[in-house]
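Quick note on labels: first sequence line is chain A, next is B, and so on, each numbered from 1.
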There are 2 protein chains.
Amino acid sequence: MTLDFNDKQIRILQVAEKLFAEKGFDGTSIRNISKEAKINIAMVSYYFGSKEKMLESLIIFRTSDLKMQLENLLKEALAPLEKINKLIELYVARINKNKGIYQILHFELSSKKRQTNIKSFTEVKKRNLESLKQIIHEGQENGDFAKDINVLLIPPTILGTFFHFQMNRPYYEEALGLKTDESFDSYVHNDLTKHIQKTIKALLIYEK
Amino acid sequence: MTLDFNDKQIRILQVAEKLFAEKGFDGTSIRNISKEAKINIAMVSYYFGSKEKMLESLIIFRTSDLKMQLENLLKEALAPLEKINKLIELYVARINKNKGIYQILHFELSSKKRQTNIKSFTEVKKRNLESLKQIIHEGQENGDFAKDINVLLIPPTILGTFFHFQMNRPYYEEALGLKTDESFDSYVHNDLTKHIQKTIKALLIYEK
DNA sequence: AATAAAATTAAACAAACGTTTGAATTAAAC
DNA sequence: GTTTAATTCAAACGTTTGTTTAATTTTATT
């Protein structure tokens with residue numbers, strides 16, 4: 001449960017992250033990881049105990065600093081809509097940067113096989129929702145936002161839009177002519193982020 | 001490539017669909033399927049050739065009638081916004097009804113392991129986008145919709161929102177107190193569908 | 001009723017899986 | 001420099017994997 005991984009452990013986790021994201025947890029063998037990380041197959045059990053525990057370590061390794069980032073955002077002196085926009089920007093940038101682990105979480109989360117690994121992640125989600133509620137309430141108080149907003153359905157729209165784009169990357173790469181990693185990342189950071197911000201803004205200020 | 005599956009084949013596909021959706025393609029063994037479907041393990045190879053080819057058969061079996069449904073919608077004499085709302089309703093209901101196969105597609109789509117199975121599905125997506133473009137153009141012509149709409153980013157918002165909700169089902173079940181399958185389905189058909197419709201409407205009529 | 005075709009079965013196949021072992025090597029502590 | 005601990009390794013462990021085989025049973029055809 002600790003965070004003090006040594007250099008070799010981190011290298012193993014990075015390779016595991018890449019392969020799990022590409023081929024899934026069950027689709028990746030310890031031998032795959034060992035080969036790519038250039039280590040002996042026994043090292044995974046030696047360092048992490050088991051393949052399953054390695055996944056747990058990976059989740060902890062990658063999601064430990066999200067909490068802090070969000071709390072800092074809440075403290076800032078900004079208008080509610082500005083905060084929402086910054087929150088979206090933060091989420092998209094962060095998930096885009098760590099797309100590997102989020103793809104894994106996305107996958108393993110919906111799988112009935114591994115429920116144990118994700119309890120700590122559920123806590124993160126609950127805390128994030130409370131933050132969002134607070135911001136939106138603020139915006140409703142000062143008349144910026146509409147009254148009839150189902151806050152619980154905002155995160156699925158933000159995250160869902162982004163994930164769906166990310167998971168269908170090959171399709172959008174072709175459709176938008178984004179041949180390089182740079183151009184794809186640039187599109188995500190600019191166009192897609194703005195689209196999500198625009199969507200949420202329209203939703204928040206829209207009165208039926 | 002044909003669609004004439006006999007009763008036994010269909011039963012096998014139904015069990016496979018359920019297990020693949022629950023545990024993933026790699027997480028499900030032919031023995032798992034055989035046991036649940038109460039057949040001999042050799043029957044999968046006998047009927048479909050291989051596990052991989054069975055997945056192909058399953059995709060064909062479940063996605064063959066989507067095309068027709070969409071074409072019928074386009075023909076209807078409705079205002080653009082009405083068509084959009086119906087399209088959202090159709091998508092949500094359809095995917096919710098066949099959540100198994102769409103969950104499988106969602107995963108295998110983003111996996112680098114099985115690219116061959118999904119080519120026909122890409123074609124479906126392209127055709128659907130053209131339909132959407134047509135409807136939105138119609139709405140822009142008669143002044144209902146804003147001019148600066150990136151049509152390509154609409155489907156990720158519709159499908160992404162829905163999928164994210166579906167993939168985090170345990171979380172939303174708890175948060176919304178949806179204890180039975182019926183109450184969950186009801187929430188999807190009513191509240192979630194309306195949320196997506198509202199979101200897309202706000203986005204389409206919103207002028208920056 | 002005899003024959004041919006289709007369906008089902010248990011058993012076996014080689015290959016790959018996660019994990020453990022015990023010896024060999026390297027690093028740290030004294 | 002010796003001893004102790006940590007790391008690395010090849011090899012083997014017992015399971016499980018997807019697939020094939022060959023014999024048997026069921027169904028259909030004549």
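Stem analysis of DNA chain C (Watson-Crick or G-U pairs, both distances under 3.5 Å, runs of at least three) returns C:1-12 with D:19-30, C:14-30 with D:1-17.
Contact check on E174(B) versus K126(A) returns a salt bridge, with a Lys/Arg side-chain nitrogen under 4.0 Å from an Asp/Glu carboxylate oxygen. Of the charged side-chain nitrogens involved, none lies within less than 4.0 Å of a carboxylate oxygen, so that K51(B) and D26(B) do not count as a salt-bridged pair. Using a cut-off of 4.0 Å between Lys/Arg side-chain N and Asp/Glu carboxylate O, D185(A) and K99(A) are scored as salt-bridged.
Here dT26(D) presents its P atom at 18 Å from CD1 of I39(B), a figure rounded to the nearest Å. If you take CD of Q9(B) and P of dA6(C), they are 13 Å apart, rounded to a whole angstrom. K38(A) has its NZ atom 13 Å from the P atom of dC9(D), to the nearest Å. Rounded to whole Å, atom C1' of dA16(C) lies 13 Å from atom NZ of K35(A). Protein atom CG of N6(B) is 8 Å distant from nucleotide atom P of dT8(C), rounded to whole Å.
Side-chain contact between F165(B) and L153(A): present, with at least one pair of heavy atoms (C-beta onward) separated by less than 4.5 Å. Side chains of I154(A) and I149(A) form a contact here, defined as non-hydrogen atoms less than 4.5 Å apart.
For F25(B), the ring pair (Phe, Tyr, Trp, His ring centres under 6.0 Å) criterion is met by F20(B), not counting sequence neighbours. Every residue was checked against the ring pair (Phe, Tyr, Trp, His ring centres under 6.0 Å) condition with Y47(A), not counting sequence neighbours, and none meets it. Among residues two or more places apart in sequence or in another chain, the ring pair (Phe, Tyr, Trp, His ring centres under 6.0 Å) test is passed with Y91(A) by none.
The 12-atom threshold is not exceeded at CG of D7(B), counting heavy atoms of other residues, nucleotides or ligands nearer than 6.0 Å.
Side-chain N or O atoms of T193(A) include none that pairs as donor or acceptor with a backbone N or O of I88(A) at under 3.5 Å.
Aromatic ring centroids of H106(A) and H164(A) lie 6.0 Å or more apart.
Using a 4.0 Å heavy-atom distance criterion, F48(B) is classed as making no nucleic acid contact.
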Dump the pairs, protein N or O against N or O of nucleotides 17-20 of chain C, anything under 3.5 Å, distances to one decimal.
from, atom 1, to, atom 2, distance (Å)
dC17(C), OP1, S29(A), OG, 3.4
dG18(C), OP1, K51(A), NZ, 2.7
dG18(C), OP2, I30(A), N, 2.9
dG18(C), N7, R31(A), NH1, 2.8
dG18(C), O6, R31(A), NH2, 2.9
dT19(C), OP2, K51(A), N, 2.9

Scan nucleotides 24-27 of chain C against the protein and return all N/O pairs shorter than 3.5 Å with their distances rounded to 0.1 Å.
none

